[in-house]
Structure formats: structure tokens, C-alpha cells
Amino acid sequence: MKKLAFSVFAAALTFGANAADDVEVAATQACCGFNGIYFGLGAAAVDNGIKTETAGVKGISDHSTRLGATAVLGYGRAIKEKAFLGLEAGLDASQNFESGTVAKVNGLTPSVALRLGYAHAATKSMVYLKAGAAYSKAKWKFENAGTDYELKNSKWAPIVALGGEKICGKVRTRLEAEYRFRANKSMDVNSTTYKLTNRGAVTLRAMAIYTVKM
């Protein structure tokens, strides 16, 4: 009886160890689903706008929400257990935003950013923070003393984002919310200062991410 009990106990320990190994392997494979080169496509909703000032007096102050397409290309890798670090470049494409005939914001916005994520193997999901910069373009046409001028505001502005990804078969789905800080540009004409502000922008994205197998 003692030998039988010992055999059953030993078998239980062996089964438990193998099951633990299987769980660990599955967890590792799930986490590794976020590793490597990837690209993604999706849809974006962008809310931004434009503001002008002449000698400190506010003129145009307008904003708009538009739908567009978004794309991303990047590389990510586990750096310690469940922590991930990545670098990616993105592009949002929507219609140009125009305020009358004098001010316009370009609808193409490229960006570069670092991502720091935390993966949860059991749910095959990851949450992440993203920080970087986006390049935006805006311009304003105005007149001073009978002469037409154009003030261009083309600058890199900081961005921060919070998002999540989940592995669904061969692809990953992503939801992300991003904020782009405002960018200012000024011009002096005949002792008058003109200021153009590309207002802070909020962008919501939904994407499908494909990992390139090496």
C-alpha cells in the first residue's frame, strides 16, 4: 500500500510539474507574440484646429473632428519578463482642415515614438504608454498694408498616448488614444506681431497589427 501511495504521489508531482511547464511555455509564447517587426493599418478620428492672433488680439479660433486612415511600422521586444520596449513610426491621413479661405491644417501627420508595454500572458494582451513627436503643418494668409503674407507653422510637437493590444489568431488588435501638444509660430510685419497656433489634437485609433515572421 505504501508503495502504491508513493507511486501515485510521484505521478501527481510529475504531472503537476509538466502542467506548470506547459503553462510557462504557453505564457512565453503568448508574450512573444508581441516580439519582432510589425506593421498595422486602421482608422482614426482626429480632433484638432487652428487659432490666430494679431498684436495680441485673437482672431480665428476653430476646430474640427475628422475621420481618416492610420498606418504604423515598428519593432518591439521583451526587455524583462513581461515588460516590452518598442520603436515605431506612424502616419495619420485625413482631409485638410480649413477655416474659411485664410487658415488651413494639413491632414497628413507623421510621427515617431517609443513604446513601453506590460504584457499579460493569460489574456494575450498588453497595455502600453507611448511618447514621441509628430510633425504637423498649418498656414495662415493675411494682409498688412496692402501686401499679402503667409505664415507657415510646420513643427514637431510632443505626443503622448495610452493604448492596448490583444493577440487574436495571427493578428493583434489595437485601441489607442493620443494627445499632440500645440505648436506656435509668429511673424513680425511692420511692427505688428502675427501668431499662428496649431491647436492641441486628440486622436483615437483602431488598428489591426501584423507581426512579420523572421
[X] versus [Y], closest heavy-atom pair with distance:
X	Y	result
Ser94	Gly68	CB-CA, 4.1 Å
Asn35	Ala78	OD1-N, 3.0 Å
Arg66	Gln95	NE-O, 2.9 Å
Ile159	Ala133	CG1-N, 3.6 Å
Cys168	Thr173	SG-OG1, 4.1 Å

Just jot down the side chain to side chain donor-acceptor pair (under 3.5 Å) partners of Tyr128, sequence neighbours excluded, or say none. Arg174, Glu176

Just by modelled atom types, is the [Y] backbone N or O under 3.5 Å from a matching donor or acceptor in the [X] side chain?
X	Y	result
Lys130	Gly163	no
Asn96	Gly107	yes
Thr52	Ile60	yes
Lys104	Ala138	no

Side-chain heavy-atom pair [X], [Y] within 4.5 angstrom cut-off:
X	Y	result
Asn48	Arg180	yes
Tyr149	Thr147	yes
Val46	Thr65	no

Measuring from [X]:[atom1] to [Y]:[atom2], what's the distance to the nearest 0.5 Å?
X	Y	atom1	atom2	answer
Phe39	Met207	CZ	CE	10.5 Å
Ile50	Phe97	CD1	CZ	7.0 Å
Ser186	Glu53	OG	CD	10.0 Å
Phe34	Ser125	CZ	OG	6.5 Å
Phe84	Met126	CZ	CE	6.5 Å
Leu116	Ile79	CG	CD1	6.0 Å

Contacts of type salt bridge (Lys or Arg N to Asp or Glu O under 4.0 Å), residue Lys58, not counting sequence neighbours: none

Contacts of Arg172 meeting salt bridge (Lys or Arg N to Asp or Glu O under 4.0 Å) (sequence neighbours excluded), chain-then-number -> Glu165

If hydrophobic clusters are built by linking Ile, Leu, Val, Met, Phe, Trp and Tyr wherever their side-chain heavy atoms come under 4.5 Å apart, do Leu87 and Val72 end up in the same one? no

In terms of hydrophobic clusters joined by side-chain contacts under 4.5 Å, are Val102 and Phe142 together? yes

State whether the number of non-hydrogen atoms from other residues, nucleotides or ligands found under 6.0 Å of Tyr210 atom OH is greater than 12. no

Residues 189-196, side-chain donor-acceptor partners within the protein, below 3.5 Å, at least two apart:
| from | atom 1 | to | atom 2 | distance (Å) |
| --- | --- | --- | --- | --- |
| Asn190 | ND2 | Asn144 | OD1 | 2.6 |
| Thr193 | OG1 | Asp188 | OD1 | 2.6 |
| Tyr194 | OH | Asn144 | ND2 | 2.7 |

Please name the residue in the list Val171, Ile209, Val212 that meets the side-chain contact (heavy atoms from CB on, under 4.5 Å) test with Tyr38. Ile209

Write out all pairs satisfying salt bridge (Lys or Arg N to Asp or Glu O under 4.0 Å) with one or both partners inside residues 90-103, taking only residues at least two apart or from two chains. Asp92-Arg205

Assess the residue pair Asp47 and His63 against the criterion (side chain to side chain contact (heavy atoms under 4.5 Å, CB included)); give the C-alpha distance rounded to whole Å, side-chain angles, the decisive distance to 0.1 Å, and a yes or no. CA-CA 7 Å; Asp47 184 276; His63 76 94; 3.4 Å; yes

Can Lys185 and Ser154 be said to form a side chain to side chain contact (heavy atoms under 4.5 Å, CB included), step by step? CA-CA 8 Å; Lys185 185 69 178 291; Ser154 301; over 6 Å; no

Output every pair passing side-chain hydrogen bond (donor to acceptor under 3.5 Å, both in side chains) with a member in residues 133-143, not counting sequence neighbours, ordered by first then second residue. Ser136-Asn198

